[in-house]
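Below, read A as the first sequence line, B as the second, and so on, with proteins coming before strands; counting in each chain starts at 1. Just so you know, these numbers come straight off a predicted model, no measurement behind them.
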2 protein chains.
Amino acid sequence: MDKHSPISITLAQRDEAVTITRWVYDTLHNAVLLGQIPPGRALTIRELASLLIVSPMPVREALRQLSAEGALEIQGNRRVMVPKMTAMKFNELVEARIAIESHAAVRALPYINATIYQQLQAIDEQIDEAEANSDPENVTRLNQAFHRTIYTAHPHQVTQPLIESLWLQLGPFMRLSAESLDEYYQIDRHHEALTAIEKQDPLALQMAIAADIRDGCAFAKIPSKLQKLLN
Amino acid sequence: MDKHSPISITLAQRDEAVTITRWVYDTLHNAVLLGQIPPGRALTIRELASLLIVSPMPVREALRQLSAEGALEIQGNRRVMVPKMTAMKFNELVEARIAIESHAAVRALPYINATIYQQLQAIDEQIDEAEANSDPENVTRLNQAFHRTIYTAHPHQVTQPLIESLWLQLGPFMRLSAESLDEYYQIDRHHEALTAIEKQDPLALQMAIAADIRDGCAFAKIPSKLQKLLN
DNA sequence: TGAGTAAAAATGTGATCACAATTTTGTGAT
DNA sequence: ATCACAAAATTGTGATCACATTTTTACTCA
């Protein structure tokens, strides 16, 4: 059935009252974020359909949506795959994250009230816990939740979809970051961010967010890690 | 057939050797950018299919892609429409444009060689021409081409899809800007940008891009125009 | 005349089929 | 063994159909 390596995808929880297309989308979205689909591996509609035990139709729709979001790439051959990474592209993605997310954080700052602040503290504690348990998958997931909670505090926010797109494009390669977690000492940037929020200090928040993103992607500066990134 | 106002869509040029889905996408993409589809107007697959004289299938695919790009919005009812605008959202979109596009411009600056510089000059001249002819549609189109040429000079650029998404979201409402062109004196920000490029001055380019975007959206500060924006 | 409700029409989702184009496989010659 | 090339299998695209849900229309009652 498969000329290339077999892929093993974690099935998303199937919520009734939700369309099949949505479920397929969630499942593939997650698979891309977790790096379960090797970059460059050709994805066919029928293969995914039989893998997820659904008809080809919902897969078609999900693939098109994920492609529009930058999670997948449609080649000239009309073949769909997870885009391959290059060192230059990785760097641009990180710089784009810094530019957009620090902007989003500053914009959202005035809307971060006590309730949201407590949510952030709770997430931060969970991150410490996950780090103590060496649970890189949850560290990544909670880290995204931390950032998302900040940005979406703004009621008229428009950048979150763009940010999610960048996360999707970096996602497949962030597992390398998660694996390096304990190898290098990490300053607690989240704590810096929380302090900046407390003081309602835009510049400090901006710096904390930028530093947090840079720290999280610092592994790409390590030659051995960088090499794995590009394969 | 239509409970709401009838919509008149400019059909994109039909290039053979291109999928029907792609043609439908281009057509609707253009229609959204030109504000030919009233915000809030419910779009049904079958109506568009008969309007474009294609089967429902390519329309389905195009609608999903456009929704993923933020050009359209899928409501809870599963109804698709051009998102309605609010003053706050408009402001956020403009600020997001400034943040991302000035970042993209600075990143691309080192890659803008003589050839690209001449392309920019040529586009700028065309803009002057279109302005002299009071051709707001072409002014808008060429203005986008000017910006796109700068950003895509970077060979490993990753922000263009995000920027295009913002343009799509603002598009339906930019015709108000084009209509106000001759009403208010406009400083030639493109000339400032070209000078900054010539000097390879990142900060000056950033300022020029930011000012150009702000100028182009200044109409929203005029109460009467703002009112039309929200209807 | 206006509001509530039941019947009727329209809609999105999903399945299945046909077909042209692409990819893969199989075969033979060098 | 290696390459060229034709046959076979696979793939994406697009069309059509069925069905549950939603929306609209029509009608009744206050």
Looking at every strand, decide which applies to A/Leu43 at a 4.0 Å heavy-atom threshold: base, sugar-phosphate, or nothing.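 Contact class for A/Leu43: sugar-phosphate only.
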With a 4.0 Å cut-off on heavy atoms, is B/Ile74 in touch with a base, just the backbone sugar-phosphate, or nothing at all?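 No contact at all - B/Ile74 keeps every heavy atom at 4.0 Å or more from the nucleic acid.
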May I have the distance from [X] (atom [atom1]) to [N] (atom [atom2]), rounded to whole angstrom?
{"X": "A/Glu47", "N": "D/dA9", "atom1": "CD", "atom2": "C1'", "result": "15 Å"}
{"X": "A/Arg79", "N": "D/dT10", "atom1": "CZ", "atom2": "P", "result": "12 Å"}
{"X": "B/Leu63", "N": "C/dG12", "atom1": "CG", "atom2": "C1'", "result": "11 Å"}
{"X": "B/Asn77", "N": "C/dA10", "atom1": "CG", "atom2": "P", "result": "19 Å"}
{"X": "B/Leu48", "N": "C/dG12", "atom1": "CG", "atom2": "C1'", "result": "13 Å"}
{"X": "B/Ile45", "N": "C/dT13", "atom1": "CD1", "atom2": "C1'", "result": "8 Å"}

Does C/dT30 pair with anything, Watson-Crick or G-U wobble, both distances under 3.5 Å, and if so, with which nucleotide?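 Base-paired to D/dA1.
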Spell out, as yes or no, whether a donor-acceptor pair under 3.5 Å connects the side chain of A/Asn113 to the backbone of A/Thr115.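 Yes.
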Is any side-chain N of the basic residue among [X] and [Y] closer than 4.0 Å to the acidic one's carboxylate O?
{"X": "A/Glu61", "Y": "A/Arg22", "answer": "no"}
{"X": "B/Arg97", "Y": "B/Glu92", "answer": "no"}
{"X": "A/Glu73", "Y": "A/Lys84", "answer": "no"}
{"X": "B/Arg214", "Y": "B/Glu95", "answer": "yes"}

Pairing residues for B/Glu69 by the salt bridge (Lys or Arg N to Asp or Glu O under 4.0 Å) criterion, not counting sequence neighbours: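 With sequence neighbours excluded, B/Glu69 shows a salt bridge (Lys or Arg N to Asp or Glu O under 4.0 Å) to no residue whatsoever.
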List, with names and distances, any nitrogen or oxygen atoms from the protein found under 3.5 Å away from nitrogen or oxygen atoms belonging to nucleotides 14-21 of chain C.
from   : atom 1 : to      : atom 2 : distance (Å)
C/dG14 : OP1    : A/Ile20 : N      : 2.3
C/dG14 : OP2    : A/Thr21 : N      : 3.3
C/dG14 : OP2    : A/Thr21 : OG1    : 2.5
C/dG14 : N7     : B/Arg60 : NH1    : 2.9
C/dG14 : N7     : B/Arg60 : NH2    : 3.0
C/dG14 : O6     : B/Arg60 : NH1    : 3.3
C/dA15 : OP2    : A/Ser55 : N      : 3.4
C/dA15 : OP2    : A/Ser55 : OG     : 2.0
C/dA15 : O5'    : A/Ser55 : OG     : 3.3

